[in-house]
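Numbered from 1 within each chain, the chains take letters A, B, ... in sequence-line order.
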Number of protein chains: 2
Amino acid sequence: MARATIKTIAQKADLSVGTVSRALKDCSSVKDKTKERVRQIAEEIGYVRNLDGLRLRTGRTYSVAVVMTTPTTGSHEWEGVEYTNILNGIMGALRGTMYRAAIYPVDDFDSSFQEIRNIVEQRLADGIIISGTRPDDARISYMLEKDFPFVTYGMSEHFTPYSYVDANSQQMSYEATARLLRLGHTNIVTINPPDELMYSKQRQRGYLRALEDAGIKTPTDFIATGPLTPEFGKATVKALYNHNNKPTAYICANEASALGVLSAFHELGIEFGKDAIVNATDDINVSAYFTPPITTYYLPIEETSKALGEFIIRRIEGEPAQDLQRMVMPQLIERQDDRLKP
Amino acid sequence: MARATIKTIAQKADLSVGTVSRALKDCSSVKDKTKERVRQIAEEIGYVRNLDGLRLRTGRTYSVAVVMTTPTTGSHEWEGVEYTNILNGIMGALRGTMYRAAIYPVDDFDSSFQEIRNIVEQRLADGIIISGTRPDDARISYMLEKDFPFVTYGMSEHFTPYSYVDANSQQMSYEATARLLRLGHTNIVTINPPDELMYSKQRQRGYLRALEDAGIKTPTDFIATGPLTPEFGKATVKALYNHNNKPTAYICANEASALGVLSAFHELGIEFGKDAIVNATDDINVSAYFTPPITTYYLPIEETSKALGEFIIRRIEGEPAQDLQRMVMPQLIERQDDRLKP
DNA sequence: AGCAATAATTGAAACGTTTGTATTTTAGGA
DNA sequence: TCCTAAAATACAAACGTTTCAATTATTGCT
């Protein structure tokens with residue numbers, strides 16, 4: 001039982017393949033009655049378009065490349081579950097369209113750039129989604145220059161408009177810091193992703209601005225940057241344990257690092273709520289089960305990642321990039337009082 | 001600058017496209033010197049094979065379908081990070097081959113079956129990887145019947161040999177239970193995935209066998225089955241809190257549910273190490289940072305998931321299924337003493 | 001009824017491969 | 001040198017689509 005092709009339909013309908021092709025794509029040059037008949041037959045014999053033929057002919061790939069650094073490659077550390085969620089969201093958005101997602105796991109910036117060049121040069125995909133953006137991101141410059149459709153998760157500092165989806169890291173960071181200041185904390189440590197990432201920069205800006213507005217100065221080593229693993233969170237706490245100004249609050253960029261902070265508390269005998277507290281941003285609902293549950297900023301990751309999928313398709317279909325930008329504001333979830341008790 | 005094709009090479013080398021095609025695939029009917037020349041030119045002009053033409057002609061897709069239930073679809077609960085790791089492993093194994101992975105996220109068993117039928121009937125992939133196997137798994141029967149290459153993550157009770165990769169859940173469960181019995185626990189609760197899954201069955205068997213061997217009976221409600229989320233782990237502890245036989249140990253099927261158990265301990269005032277303890281299997285290195293760190297069985301998930309990728313390719317290329325089976329034994333990591341202190 | 005304009009359809013080529021068959025080249029003997 | 005067998009290459013069709021140009025059918029008007 002060979003697969004039904006457009007030719008099968010043509011035969012059955014006593015039409016030429018060309019007409020059938022047009023009928024199926026609802027072309028205006030074919031009579032309504034004919035279209036109906038063709039669709040009828042197609043349905044009947046369970047015809048589905050062969051993508052390979054389509055691609056070969058049109059030169060389009062109908063696939064979206066998702067170029068993401070895979071957190072767990074190499075390291076055995078948990079860097080959060082974002083990867084999964086993002087993938088899910090993108091695929092959810094693609095479902096029902098003609099597009100498929102092709103995942104390109106990469107290890108670092110350089111190999112992601114390499115992969116992108118490949119994709120663009122050999123037209124391996126119609127559009128690209130990237131994450132881990134940098135302030136001056138060469139990949140973005142490249143794709144802009146090549147006029148290749150793309151959407152970024154996270155922003156950069158390019159002035160040419162491009163399509164992005166992002167959480168408002170700076171404002172969130174500002175508010176988180178301001179809130180803790182209001183609650184009486186003065187020695188606030190912030191745990192951030194590696195320095196070269198845009199959202200690390202944004203977070204640091206928000207943090208510093210809040211301190212500035214409150215007229216408070218903190219030592220520079222209260223800004224920690226590194227891989228957002230539990231290990232790093234733990235190491236940060238340990239490193240600052242004997243600091244002159246003892247930290248009383250930590251703002252972690254994700255739940256994984258916050259878990260590490262809690263682990264350090266436990267190990268060092270730092271009592272939560274008395275000696276220090278922890279907050280996390282980019283919550284994805286794990287920290288509700290930490291011991292103790294911590295205050296977080298919830299990131300609606302299904303929403304952002306779904307937008308990624310939608311945007312890339314609309315971008316591919318020609319919508320201007322400046323219409324495809326979304327900034328979401330994470331939402332505070334107060335699971336603790338976060339004042340220090342005497 | 002149009003992409004270089006086989007035709008470009010043919011022109012440059014003054015050969016027919018057919019010969020070039022054969023030369024590139026190292027066919028014995030073409031002279032060595034010619035092959036060399038062709039390769040030289042191909043290299044020079046940066047030729048890469050167009051997959052669409054290849055597919056169209058050969059009818060092969062050179063893609064591997066990964067049909068997995070995506071944990072976070074719908075629910076906001078963390079079900080562990082396995083999904084990511086498995087994907088990574090598979091893609092790692094595929095890297096360098098001609099094959100690409102195509103992810104098919106599904107919600108439940110029925111839709112996964114549906115998706116598989118689709119893939120097989122329309123030859124959307126050359127092989128399929130599935131997980132979430134059941135003792136009598138209709139999807140496996142179907143693919144066996146259609147003689148379609150596949151590899152499962154987890155086993156079933158089919159007698160026809162098929163290719164699989166699995167952790168030895170039963171033995172692990174047996175040993176985990178036996179160990180706790182040796183340490184003096186008698187009221188051991190086991191938290192398992194939903195009943196219909198094969199590895200739930202295996203876990204329960206191992207558990208029961210260990211108790212039997214020790215001549216101990218536990219109430220049937222000490223075997224909990226449900227989604228492996230923190231929420232479920234927490235709910236289980238709460239449900240058994242007022243039980244006649246107070247549980248003193250929990251064996252969780254993953255770290256997510258163990259996190260929930262710890263959370264319940266904290267909330268109910270159950271003191272870890274004094275009132276009760278928790279173990280987890282399928283460790284992927286998160287629980288080292290729990291409060292407190294818990295004893296686990298480490299699953300080398302990169303290894304197993306890499307095997308999935310390797311196996312499906314070898315299966316597609318014709319290796320018999322019975323040569324493509326792997327069972328790995330998770331390794332005990334004792335982070336706690338796990339005896340109850342008075 | 002005849003004509004022009006338009007609507008609907010057909011034919012054929014093309015996308016980049018692979019592969020079966022036909023053809024040419026080469027090598028080895030006599 | 002010529003013939004035969006084997007080796008190397010060329011030719012052409014095919015995979016399933018789309019699309020341009022060409023053809024046929026239909027309509028509206030006088």
Side-chain angles (χ1 to χ4, degrees), chain A residues 1-39 41-42 45-63 98-100 121-126 317, chain B residues 1-39 41-42 45-63 98-100 121-126 317:
Chain A
M1 52 145 181
R3 251 184 82 175
T5 90
I6 216 174
K7 209 183 283 179
T8 327
I9 301 182
Q11 226 151 6
K12 278 211 201 300
D14 200 33
L15 284 169
S16 76
V17 288
T19 309
V20 173
S21 172
R22 282 183 239 263
L24 288 171
K25 56 160 48 171
D26 206 22
C27 184
S28 67
S29 80
V30 38
K31 195 156 52 166
D32 282 350
K33 223 184 67 189
T34 313
K35 279 187 205 167
E36 194 40 57
R37 194 154 50 98
V38 168
R39 284 207 201 99
I41 295 178
I45 64 181
Y47 166 80
V48 311
R49 248 229 217 56
N50 179 315
L51 265 187
D52 298 319
L54 174 64
R55 284 177 174 150
L56 188 55
R57 173 63 227 227
T58 62
R60 301 193 46 186
T61 68
Y62 292 99
S63 87
M98 290 211 29
Y99 292 84
R100 302 256 329 114
E121 273 166 22
Q122 308 182 202
R123 289 272 182 291
L124 263 31
D126 295 340
E317 320 242 289
Chain B
M1 57 145 178
R3 252 184 80 175
T5 88
I6 216 174
K7 209 182 283 180
T8 326
I9 301 182
Q11 227 150 4
K12 277 209 201 301
D14 199 35
L15 284 170
S16 75
V17 288
T19 309
V20 173
S21 172
R22 280 182 240 262
L24 288 171
K25 57 160 45 171
D26 206 22
C27 183
S28 69
S29 80
V30 39
K31 197 159 46 168
D32 282 351
K33 222 184 67 190
T34 312
K35 278 188 207 166
E36 193 41 55
R37 195 155 49 99
V38 168
R39 283 206 202 102
I41 296 178
I45 65 181
Y47 166 80
V48 311
R49 239 229 224 59
N50 179 314
L51 264 187
D52 298 318
L54 174 63
R55 286 180 173 146
L56 188 54
R57 171 63 226 227
T58 62
R60 300 192 49 185
T61 69
Y62 291 98
S63 86
M98 291 212 28
Y99 292 84
R100 300 250 339 106
E121 273 166 22
Q122 308 180 203
R123 290 273 181 291
L124 262 31
D126 295 341
E317 320 244 289

Item to complete: Would you mind building the protein contact string for nucleotides 16-23 of chain C? One character per nucleotide, 5' to 3', B for base within reach (heavy atoms under 4.0 Å), S for sugar-phosphate only, - for untouched.
Response: BBBBB---
Could you check how far [atom1] of [X] sits from [atom2] of [N], rounded to whole Å?
X	N	atom1	atom2	answer
A:K33	D:dA25	NZ	P	15 Å
B:K31	D:dA6	NZ	C1'	14 Å
A:R55	D:dT18	CZ	P	13 Å
A:D32	C:dT9	CG	C1'	15 Å

Discussion item. Using a 6.0 Å cut-off, check whether atom CG of A:D26 has over 12 heavy atoms from anything other than its own residue.
Written reply: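 For A:D26, atom CG is crowded (more than 12 foreign heavy atoms under 6.0 Å).
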Practice prompt. Could you list all the salt bridge (charged side-chain N to carboxylate O under 4.0 Å, His left out) pairs where at least one residue sits in residues 48-61 of chain A, not counting sequence neighbours?
Written response: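 As it turns out, the salt bridge (charged side-chain N to carboxylate O under 4.0 Å, His left out) pairs with a partner in residues 48-61 of chain A, which skip direct neighbours, are A:D52-A:R55, A:D52-B:R55, A:R55-B:D52, A:R60-A:D126.
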Discussion item. Tell me the closest heavy-atom pair linking A:S63 and A:A125, and the distance in Å.
Written reply: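 So the minimum-distance heavy-atom pair works out to O-CB, 3.3 Å.
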Response to the item:
In terms of heavy-atom contacts, A:R39 and A:A23 come closest through NH2-O, 4.2 Å
Worksheet item: Are the side chains of B:T5 and B:N50 in touch, meaning some heavy atoms are under 4.5 Å apart?
Response: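 Not touching, per the 4.5 Å side-chain cut-off.
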Worksheet item: How would you label the contact of A:L15 with the nucleic acid (heavy atoms, under 4.0 Å): base, sugar-phosphate, or nothing?
Response: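 Here A:L15 touches the backbone only, sparing every base.
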Item to complete: Indicate, with a heavy-atom threshold strictly under 4.0 Å, whether B:D14 touches base, sugar-phosphate, or nothing.
Response: sugar-phosphate
Discussion item. Measuring from atom OH of A:Y47 to atom CZ of A:R3, what distance do you get when rounded to the nearest 0.5 angstrom?
Written reply: 8.0 Å
